[in-house]
Amino acid sequence: MALLHRAELRPSKLDLLAAWLPGRPWFAGAPDAEVTRVAAYRFDDPAGEVGIETMLVRAGDGPVLQVPLTYRGAPLAGAEPWLVGTTDHSALGPRWVYDACGDPVYPPALAAAVLADAGQAEEYFEVDGRREVRAPSMTLAGTRSGSPSAFDLVDEVVDGDPTLIRAGGAELALVRRPAPAEAAAPARLTGSWAGQADPVLLAYARWPFADGPAPADRPRPTGAH
């Protein structure tokens, strides 16, 4: 479950994206256009320390763009190329916002949705000691076709459309411009929202270096965490 805060962010998430998106190789739309929210979904961080939210946005009249973000209370070492920006959260203080594809908490969460149909996190507010659940703005559908833990240790991330997250012989592909389509793999994540009745392809998994089922879990190197 994802605990939300009724708080103010300065600058806002959309302001951060308006400045950051035009520099992405997969950006589509007018660089100076207003960025608007279409829908969003969240995953859980098992440790409860990092916010994981995927926003679907568009710049002006451009196509829908998929931007997974992570929110951290301190900088992530070595992740400077993936930094979207910083913001001040009125309840939590300074937050470092990253393109989640470069954050190690994100690939296992995405893999769980694609390969184990883990779904999205339920979002709620704390109101006078009670949980007030927020209805999701979109629906997700994954598959059950492999082991998500294959992506606990990532070897390489290649930005683009799709953005490729590689681990051993496996590959997760995050579709930056979702559209109704079939993935060239049985393992995929699709979604739909108000105004988008036909499910669109959000992500898929494939094993480009081996045929057959998902690769077995890889042993962790000593000292990895």
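As a basis for the values below, the full set of heavy atoms in this structure was taken, side chains included, without hydrogen atoms, waters or symmetry mates. Heads up: numbering here begins at 1 and tracks the sequence.
- At a threshold of 4.0 Å, the pair Arg42-Glu122 does not count as salt-bridged, since none of the basic side-chain nitrogens sits closer than that to a carboxylate oxygen.
- A salt bridge links Asp99 to Arg176: at least one charged side-chain nitrogen sits closer than 4.0 Å to a carboxylate oxygen.
- Side-chain contact check for Val38 versus Arg58: some heavy-atom pair is nearer than 4.5 Å.
- Residues Trp82 and Trp20 do not share a hydrophobic cluster, clusters being chains of Ile/Leu/Val/Met/Phe/Trp/Tyr side chains in contact below 4.5 Å.
- For the residue pair Pro11 and Thr86, the shortest heavy atom distance occurs at CD-O, 3.6 Å.
- Listed for the Thr87 side chain is a donor-acceptor partner under 3.5 Å among the backbone atoms of Arg10.
- The distance from atom CD1 of Ile165 to atom CD of Glu171, rounded to the nearest 0.5 Å, is 9.5 Å.
- With contacts defined as side-chain heavy-atom distances shorter than 4.5 Å, the pair Tyr204/Pro162 qualifies.
- Linking Ile, Leu, Val, Met, Phe, Trp and Tyr residues whenever their side-chain heavy atoms come within less than 4.5 Å places Val35 and Val67 in a single cluster.
- For the pair Pro75 and Glu80, the minimum side-chain heavy-atom distance is 4.5 Å or more.
- In terms of heavy-atom proximity, Ala203 sits nearest to Val114 at CB-CG2, 4.0 Å.
- Without hydrogens or angle criteria, Gln66 side chain to Val175 main chain gives a donor-acceptor distance under 3.5 Å.
- Between Asp45 and Arg72, none of the side-chain N atoms (NZ, or NE/NH1/NH2) sits under 4.0 Å from a carboxylate O, so this pair counts as no salt bridge.
- Side chain of Thr143 to backbone of Leu189: no donor-acceptor contact under 3.5 angstrom is found.
- Nearest heavy atoms, Ala141 versus Asp117: C-OD1, 4.0 Å.
- Grouping the Ile, Leu, Val, Met, Phe, Trp and Tyr side chains by contacts below 4.5 angstrom, directly or via other members, places Val157 apart from Val84.
- Atom CH2 of residue Trp193 and atom OH of residue Tyr41 lie 9.5 Å apart, to the nearest 0.5 angstrom.
- Put simply, Leu174 and Val57 are part of two different groups of oily side chains (I, L, V, M, F, W, Y) that touch within less than 4.5 Å, one to the next.
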side-chain contact (heavy atoms from CB on, under 4.5 Å) between Leu83 and Val97, intermediate numbers included: CA-CA 6 Å; Leu83 181 66; Val97 182; 5.7 Å; no

Run the numbers on Val64 and Arg177 for side-chain contact (heavy atoms from CB on, under 4.5 Å), then give the verdict. CA-CA 6 Å; Val64 172; Arg177 284 180 266 183; over 6 Å; no

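- A heavy-atom distance below 4.5 Å is found between the side chains of Pro136 and Gln120.
- Residues Leu56 and Leu69 do not share a hydrophobic cluster, clusters being chains of Ile/Leu/Val/Met/Phe/Trp/Tyr side chains in contact below 4.5 Å.
- Closest of all the heavy-atom pairs between Ala121 and Phe43 is CB-C, 3.9 Å.
- Nearest heavy atoms, Gly191 versus Met138: CA-CE, 4.1 Å.
- Between Pro68 and Cys101, the closest side-chain pair of non-hydrogen atoms falls below 4.5 Å.
- Each of Leu115, Leu201, Leu202 was checked for a side-chain contact (heavy atoms from CB on, under 4.5 Å) with Arg188, and the lone residue meeting it is Leu201.
- Note that CG of Asp44 is 7.5 Å distant from CD1 of Ile52, once rounded to the nearest 0.5 Å.
- Contact check on Arg166 versus Asp155 returns no salt bridge, with no Lys/Arg side-chain nitrogen under 4.0 Å from an Asp/Glu carboxylate oxygen.
- Of the N and O atoms on the side chains of Asp152 and Ser149, not one donor lies less than 3.5 Å from an acceptor on the other residue.
- Ser192 and Ala197 get closest at one heavy-atom pair: CB-O, 4.2 Å.
- Residues Glu53 and Lys13 are in side-chain contact: their nearest non-hydrogen atoms beyond the backbone lie under 4.5 Å apart.
- Taking CG of Asp103 as the start and OH of Tyr98 as the end, the distance is 8.0 Å to the nearest 0.5 Å.
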Test side-chain contact (heavy atoms from CB on, under 4.5 Å) on Leu76 and Trp96 and set out the steps. CA-CA 8 Å; Leu76 176 61; Trp96 281 257; over 6 Å; no

Audit row: Met55, Leu14, side-chain contact (heavy atoms from CB on, under 4.5 Å) steps and yes/no: CA-CA 10 Å; Met55 296 186 68; Leu14 292 178; 3.9 Å; yes

